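Before any comments, here is the structure.
Lettering of chains follows the sequences in order, A, B, ..., and the numbering in each one begins at 1. In this text the structure is predicted, and so the values were computed from the model without any measurement.
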Amino acid sequence: MGIELDVKSFDDALKILSKNYKIFAPVRLKGKGAFSDTDLVTYGEISSYKDIELNEKSRYSPKEVIYPITQTLFYFTEDEYKEPEIDDKGIIVFLRPCDANSYLKLDNIFLKNGPYEDNYYKRLRDKVKFFIIECTKGFSTCFCVSTGSNKFLDYDVFVRFDNDKITCDVKNDEFSYAFSGKEVEFIPEFIEKNEIEVKLPDIDKISQNLEYVFNHELWDEYTKRCIACGRCTVSCPTCSCFSMQDIFYKDNPKCGERRRVWASCMVDGFTDVAGGHSYRQKYGERMRFKVMHKIYDYKKRFGTTMCVGCGRCDDVCPEYISFIKIVSKVTDAVDRGESK
Amino acid sequence: MILDIDTKLLKKNAYRVTKQRGITALRIRVPGGDLNIKYLDIIKEIAEKYGNGTVHITTRQGFEIPGISMEKIDEINELISPIIRGLKDEGVQIEDEEGGYPAAGTRNVSACIGNRVCPFANYDTTVLALKIEKLIYPNDYHVKIAVTGCPNDCIKAHMQDIGIIGQVEPIYDPSRCIGCQACVKNCKRRVTGALTFENFKVVRDPNRCIGCGECILKCPTSAWTRDEKYYRIVIMGRTGKKNPRLAQTFIEWADEESVLKIIKNMYDFIDKYIDKTLDKEHVGYIVDREGFKKFKEEVLKDVKLPKKAKVANHIDYTGYRYERNTIYD
Ligand code: SF4
Ligand code: SF4
Ligand code: SF4
Ligand code: SF4
Ligand code: SF4
């Protein structure tokens, strides 16, 4: 069963929800695109239906909501430290199935990767309620069906936006109070076929041919083409690497703060270690590291592909490097390598 | 055949006196270098029927059709009336559509391709070029204006009497910065080195920043974004036989309204101070004679510059003179 709303009653619902929740959705920031007179579609707080951008894929992913680019972990003085408070409110995120699945991928990294849970991640993540935006057409670079991230059933509310008619399946009773409208027959739909189909490599075959894949010539091309700008990783909903920064305040260097800030395996400095060394100087090697993490290493560890197939890495690469193409090349190489 | 032609009127009508007697060439204005493709048919027809089958692309982004007999001017003016009407439809003040171009002194406003195509551009140069064209054409005073999207200055705004260079104020959101330093390195290598990296975040020196917008383009996370559009106005650059020189900055961080008003005021300045005994006088030489201070006073009349704007106190032109600057072996 679903509830059918018009824009006004949907806005009323948002208003009611906003008492206890901060509400995030893709938004269009006018004139904030990198090129002049272009917009930036990204995640932001919303208060009404008209704030939500439904026609364009967001350049940045909703991971920022629970895993901010810059996060102060604690402030320190000479002999004390204090963690910053976080907002009491819960978090509602309007997102498509691929992006909802990306949260589960991040959960593995931050909560299930070793003996400790990452508390800074957890305290925001625990607040999240999933409001799924029905996505049956996708965009031209999406391949969520191939990665198995086209469905997300464990939602709180599922929303179909059909112009000004909005239909909701309120699965979590906690939210029933906010939605009032006509009851209608409603079966949430998920995309079953993308324009792009990608064959992911068989990870057992990779394991048996590791050296072959590692040393394959296909990576060389990216040493020449990639400029190590990091756009593909900061836009990726599942990239989760960060580095630590200890800041000593200029006016009083005895006080300061420790921050964690996103890092990118594609960018210079990522592998810097004491003594001035660093690894993977060649951009092709970085590409191999990134791609293999997305489609192999992570899966070996957690049993599921890291990449959700949102296609953002393809959308944002200034050098027109296609991650999708690389994955296909790896699959091809592995298939061919094995038959040899 | 008797040829009795008022060459002053001929030139005013955008035709020229050429080296071949009785033969002229017509210059088609293309404001901002942006032409509706339908007009090419007309240009082609004139070149084929009346000209020598060629067309010359001028340095100011117009078309010059050579090899035309002076006797055919009336016919040709009728043929180009759709082009003139096109200008009129865009809002250029032209009375007689059938009479050809009403003036040629103020040259075609040229423009780089701008933000319709170029990623570096800080605004739509075609639109601004047309706004300026509407403001200053038709006019007999010899003035060259060009607008360019960013300080790369592809249109060579620095070689004009007035050059408009797009600027943007980059806005920094430290919370979005991942410290990759792409912006810092790029500004140092390709621009003015206005950015430094302190305490893992970027600091911009507003006195060094020229508003090119490259940091915005380089940033992977949109930590840098765009704010208002601004313009640098460079003035009195020129080529010529006397004293070629690059234009210098008159104002930076001006807004569009001020740019237009200043250009308008410059025409009043010319009107007031031009040496009327001469056949023509370029505005640069008038400013040389009357002084920058007077020019500044006149063109800034009733101009409300934005708070951010900076106006040159004086300008030190470092042009050169052919006869003085070269020491030969
Ligand atoms: S690797 Fe590319 S397609 Fe996969 S989740 Fe990241 S951005 Fe999306
Ligand atoms: S976005 Fe493209 S150029 Fe930039 S690091 Fe990624 S693959 Fe390389
Ligand atoms: S001046 Fe700037 S905006 Fe214009 S074409 Fe050149 S680089 Fe592009
Ligand atoms: S706008 Fe240009 S000059 Fe200013 S900081 Fe950015 S890159 Fe440097
Ligand atoms: S390019 Fe962007 S992310 Fe990188 S240092 Fe500059 S502002 Fe920070």
Side-chain angles (χ1 to χ4, degrees), chain A residues 29-44 58-61 63-64 68-72 227-236 239 241-251 253 256-270 312-313 316-318, chain B residues 112-128 148-150 166-186 197-203 211-231 256:
Chain A
L29 302 180
K30 271 254 159 268
K32 288 294 176 184
F35 306 135
S36 60
D37 295 334
T38 63
D39 303 338
L40 175 65
V41 177
T42 185
Y43 265 76
S58 68
R59 179 184 176 108
Y60 301 106
S61 82
K63 79 176 172 191
E64 295 176 17
I69 299 178
T70 303
Q71 194 173 21
T72 299
I227 57 168
C229 69
R231 281 172 176 73
C232 50
T233 56
V234 298
S235 283
C236 176
C239 274
C241 290
F242 56 81
S243 59
M244 286 295 183
Q245 298 173 350
D246 283 345
I247 311 298
F248 301 91
Y249 297 140
K250 261 187 165 175
D251 285 350
E257 64 184 89
R258 170 166 293 182
R259 299 178 191 142
R260 75 158 158 213
V261 179
W262 289 4
S264 163
C265 58
M266 299 303 288
V267 168
D268 287 352
F270 183 75
R312 286 189 179 91
C313 47
V316 300
C317 178
Chain B
C112 78
I113 196 158
N115 81 358
R116 295 184 181 188
V117 175
C118 179
F120 291 103
N122 290 320
Y123 67 101
D124 188 333
T125 51
T126 314
V127 166
L128 184 64
T148 206
C150 80
Q167 293 186 290
V168 61
E169 164 137 57
I171 302 295
Y172 182 59
D173 175 354
S175 75
R176 290 196 69 82
C177 175
I178 60 167
C180 69
Q181 298 198 57
C183 59
V184 179
K185 289 181 198 159
N186 181 71
F197 199 57
E198 274 176 39
N199 251 349
F200 299 103
K201 297 289 175 195
V202 182
V203 181
C212 67
E214 288 230 11
C215 44
I216 302 167
L217 299 175
K218 283 283 174 291
C219 183
T221 60
S222 305
W224 288 110
T225 53
R226 288 172 185 275
D227 196 25
E228 298 291 300
K229 294 186 171 111
Y230 292 100
Y231 306 87
E256 187 189 281

_Please classify the contact between B/Lys229 and chain A as side chain, backbone, both or neither, with a heavy-atom cut-off of under 4.5 Å._
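The side chain, not the backbone.
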*For B/Gln181, is it the side chain, the backbone, both or neither that has a heavy atom under 4.5 Å from a heavy atom of chain A?*
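B/Gln181 has no heavy atom closer than 4.5 Å to chain A.
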Tell me, side chain or backbone of [X] under 4.5 Å from chain B's heavy atoms, or both, or neither?
X	result
A/Glu64	side chain
A/Asp268	side chain
A/Ile247	both
A/Phe248	backbone
A/Tyr60	side chain

Straight-line distance of [X] [atom1] to [Y] [atom2], nearest 0.5 Å:
X	Y	atom1	atom2	value
A/Met266	A/Cys239	CE	SG	9.5 Å
B/Lys201	B/Ile178	NZ	CD1	9.5 Å
A/Lys32	B/Asp227	NZ	CG	5.5 Å
B/Phe197	B/Lys185	CZ	NZ	9.5 Å

Identify every side-chain donor-acceptor pair in residues 118-128 of chain B under 3.5 Å, counting partners at least two apart or on other chains, and give the distances.
| unit_1 | atom_1 | unit_2 | atom_2 | d |
| --- | --- | --- | --- | --- |
| B/Asn122 | OD1 | B/Arg226 | NH1 | 2.9 |
| B/Asn122 | ND2 | B/Gly166 | O | 3.3 |
| B/Asn122 | ND2 | B/Gly211 | O | 3.4 |
| B/Asn122 | ND2 | B/Cys212 | O | 3.3 |
| B/Tyr123 | OH | B/Thr148 | N | 3.4 |
| B/Tyr123 | OH | B/Thr148 | O | 3.0 |
| B/Asp124 | OD1 | B/Arg116 | NE | 3.3 |
| B/Asp124 | OD1 | B/Thr126 | N | 3.1 |
| B/Asp124 | OD1 | B/Val127 | N | 3.3 |
| B/Asp124 | OD2 | B/Arg116 | NE | 3.0 |
| B/Asp124 | OD2 | B/Arg116 | NH2 | 3.4 |
| B/Thr125 | OG1 | B/Cys112 | O | 2.7 |
| B/Thr125 | OG1 | B/Gly114 | N | 3.4 |

*Exercise: identify the closest heavy-atom pair between A/Asp39 and A/Gly31*: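 Of all heavy-atom pairs spanning A/Asp39 and A/Gly31, the closest is OD1-N, 3.0 Å.
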*Not counting sequence neighbours, which residues clear side-chain hydrogen bond (donor to acceptor under 3.5 Å, both in side chains) with B/Tyr172? List them please.*
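So B/Tyr172 forms no side-chain hydrogen bond (donor to acceptor under 3.5 Å, both in side chains) with any residue.
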*Count the heavy-atom pairs under 4.5 Å between each of A/Val316, A/Val261, A/Thr72 and chain B, then report the option with the highest count.*
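Most pairs with chain B among the choices: A/Val261.
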*With chain B, which of A/Asp37, A/Thr233, A/Val267 has the greatest number of heavy-atom pairs at distances under 4.5 Å?*
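Most heavy-atom pairs under 4.5 Å with chain B: A/Asp37.
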_I need the residue from B/Cys177, B/Gly149, B/Gly213, B/Cys180 with the largest number of non-hydrogen atom pairs under 4.5 Å to chain A._
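Looking at each option in turn, the highest pair count goes to B/Cys177.
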